[in-house]
Amino acid sequence: MSRTLIELLQEGLPTEAVLTDPDVTSAYSHDMASFCDAGAPAVVVLPRTVEQVQHVMRTATALRVPVVPQGARTGLSGAANASDGCIVLSLVKMNRILEISPVDRIAVVEPGVVNAALSRAVGEHGLYYPPDPSSWEMCTIGGNIGTASGGLCCVKYGVTAEYVLGLDVVLADGRLMSTGRRTAKGVAGYDLTRLFVGSEGSLGIVVRAVLALKPKPPQQLVLAAEFASTGAACDAVCKIMEGGHVPSLLELMDRTTVRAVNALANMGLPETTEALLLAAFDTPHPAADLAAVGALCEAAGATQVVPAEDAAESELLLQARRLSLTALEAVKGTTMIDDVCVPRSRLAEMLDGVERIGEKYGLTIGVCAHAGDGNTHPTVCFDAADADEARRARESFDEIMALGLELGGTITGEHGVGVLKKEWLAREIGPVGVEMQRAVKAAFDPHHLLNPGKLF
């Protein structure tokens with residue numbers, strides 16, 4: 001069967017686009033998630049055109065071979081992990097920016113375009129593509145769409161789903177379908193575009209996207225506020241949002257994360273702090289906005305408030321936040337990065353609960369959070385070579401997700417479900433929800449060939 005599969009694929013693909021060497025294909029078997037099983041693909045294909053993707057899907061349907069779509073494999077849920085004998089469909093070679101329209105404020109791109117490359121390209125036109133995952137220098141727009149990625153700016157600008165206007169999608173049987181629009185408005189029929197955003201490649205293969213753009217905002221200024229407790233920092237977050245302020249960024253780093261960043265990069269962050277809150281504004285008068293927010297932080301109990309004076313100081317503070325996950329990984333060598341989102345009003349309970357879970361299991365768990373939208377990233381640090389420690393890490397991870405649901409939250413705010421959280425998805429949406437989602441899957445992919453074993 002493998003020879004037949006390879007031969008049929010080669011009929012519609014360039015020789016260099018079909019990879020069969022196991023030493024090469026094994027590199028495409030998984031993303032960056034821990035504790036997620038991955039199989040051995042039969043073949044990896046790297047198409048460059050829509051027609052080549054259609055050929056792959058027609059071949060897969062004819063032979064009933066599963067297909068696992070992939071972007072840059074920077075995901076954290078196992079959504080891009082291969083299954084045994086599958087076709088890995090890597091879309092990284094479809095990396096053209098097809099159009100940038102300053103009048104319509106849209107960009108039309110292929111799925112392999114890197115997020116940062118798009119941001120820089122539209123910036124040359126005075127435009128702005130807001131979604132900025134922490135892996136933005138590597139991750140692709142197709143992967144961002146598949147997992148409905150977020151980023152540091154979500155508190156003001158929202159997540160990927162709010163910027164995807166239309167899609168071209170190759171269905172499981174090879175047909176090409178267009179969804180959505182390129183106009184500012186449009187409500188014709190069911191919103192199939194939103195259905196594909198966050199579907200993790202389980203409904204079809206995105207081969208083109210129409211993305212909404214914003215006018216490029218002024219350079220933001222950042223403020224750092226130290227707190228003697230995470231509760232006080234979370235109280236400040238609530239006061240800022242309740243007061244009607246619209247920061248472009250509102251991020252929180254707990255004591256463990258601050259110390260890890262200092263250990264990694266000698267950033268000089270205050271190690272006496274229990275929580276460090278970063279707030280930013282990209283308004284015409286950011287200094288005034290920072291002063292108002294600084295006063296709210298002091299009222300909530302901040303021990304020190306330091307506004308940046310210029311863009312360079314602001315970037316230094318943001319660099320500390322961007323280093324958080326890398327720094328926590330260096331603590332023990334391996335991390336499990338959770339992605340639990342709770343109502344902002346329950347943020348303090350979430351962080352206090354994570355601290356108790358870390359103490360219960362004898363583990364270092366650092367928390368960095370998109371505090372402005374309640375999206376926390378508790379990061380469990382452990383030694384993967386220590387079986388008992390690895391077991392405790394997985395159990396603590398599950399307890400963190402359970403805590404998030406108890407607080408009225410969700411098991412994932414931006415990383416997706418993939419393999420890692422599919423049991424928890426069923427708990428969150430309930431049996432009727434699972435039944436209806438499976439019905440949607442069956443309508444688009446009746447032979448269950450697209451990304452099998454993911455979501456549910």
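Not measured: the values here are computed from a predicted model.
Between His415 and His377, the ring planes are parallel. Angles under 30° get that label, and only those over 60° would be called perpendicular. Classified by interplanar angle (parallel below 30°, tilted 30° to 60°, perpendicular above 60°), the ring pair Phe35/Phe382 is parallel.
At a threshold of 4.5 Å between non-hydrogen side-chain atoms, the residues Leu91 and Ile205 count as touching. With contacts defined as side-chain heavy-atom distances shorter than 4.5 Å, the pair Asn115/Ile141 qualifies. Looking only at side-chain heavy atoms (C-beta outward), Phe281 and Pro217 stay at 4.5 Å or farther from each other. The shortest side-chain heavy-atom distance between Arg321 and Leu152 falls under the 4.5 Å cut-off. Looking at heavy atoms from C-beta onward, Glu271 lies in side-chain contact with Asn262 at the 4.5 angstrom threshold. A 4.5 Å side-chain heavy-atom check between Lys441 and Leu450 finds at least one atom pair inside the cut-off. Contact check for Val68 versus Leu89: no side-chain heavy atoms found under the 4.5 Å cut-off. With a 4.5 Å cut-off on side-chain heavy atoms, Leu425 and Ile429 count as touching.
Of the possible polar contacts, one joining the Glu110 side chain to the Arg96 backbone as a donor-acceptor pair under 3.5 Å is found. Side chain of Ser396 to main chain of Ile357: no donor-acceptor pair is present (N/O by atom type, distance under 3.5 Å, no hydrogens or angles). Listed for the Asn451 side chain is a donor-acceptor partner under 3.5 Å among the backbone atoms of Glu200.
Here the straight-line distance linking atom CE of Met336 with atom CD of Glu329 works out to 13.0 Å at 0.5 Å rounding. Interatomic distance, Met241 CE to Leu250 CG, rounded to the nearest 0.5 Å: 7.0 Å. Considering CD of Gln319 and OG of Ser314, their distance stands at 13.0 Å, rounded to 0.5 Å. Here the CG atom belonging to Asp235 is positioned 8.5 Å from the OG atom belonging to Ser229, to the nearest 0.5 angstrom. Atom NZ of Lys332 is separated from atom OG1 of Thr335 by 13.0 Å, given to the nearest 0.5 angstrom. The CD atom of Gln220 sits 4.0 Å away from the OG atom of Ser248 when rounded to the nearest 0.5 Å.
Of the charged side-chain nitrogens involved, none lies within less than 4.0 Å of a carboxylate oxygen, so that Arg322 and Glu251 do not count as a salt-bridged pair.
For the side-chain contact (heavy atoms from CB on, under 4.5 Å) criterion with Leu211, the lone passing option out of Ile106, Thr160, Ile100, Leu118 is Leu118. Of the listed residues (Glu355, Glu399, Glu395), just one forms a salt bridge (charged side-chain N to carboxylate O under 4.0 Å, His left out) with Lys360, and that residue is Glu399.
The two atoms that bring Phe444 and Leu192 nearest to each other are CZ-CD2, 4.3 Å, heavy atoms only. Residues Asn144 and Cys139 share a closest heavy-atom pair of ND2-SG, 3.4 Å.
In Arg105, the CZ atom is not crowded: 12 or fewer heavy atoms of neighbouring residues, nucleotides or ligands sit closer than 6.0 Å.
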Please report the C-alpha distance between Phe397 and Tyr361 in whole Å, then the side-chain angles of each, then the deciding distance to 0.1 Å, and finally whether the ring-ring contact (aromatic ring centres under 6.0 Å, His included) criterion is met.
CA-CA 10 Å; Phe397 185 87; Tyr361 286 96; over 10 Å; no
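A cation-pi contact links Arg73 to Tyr28, judged by a cut-off of 6.0 Å to the six-membered ring centre and 45° from its axis.
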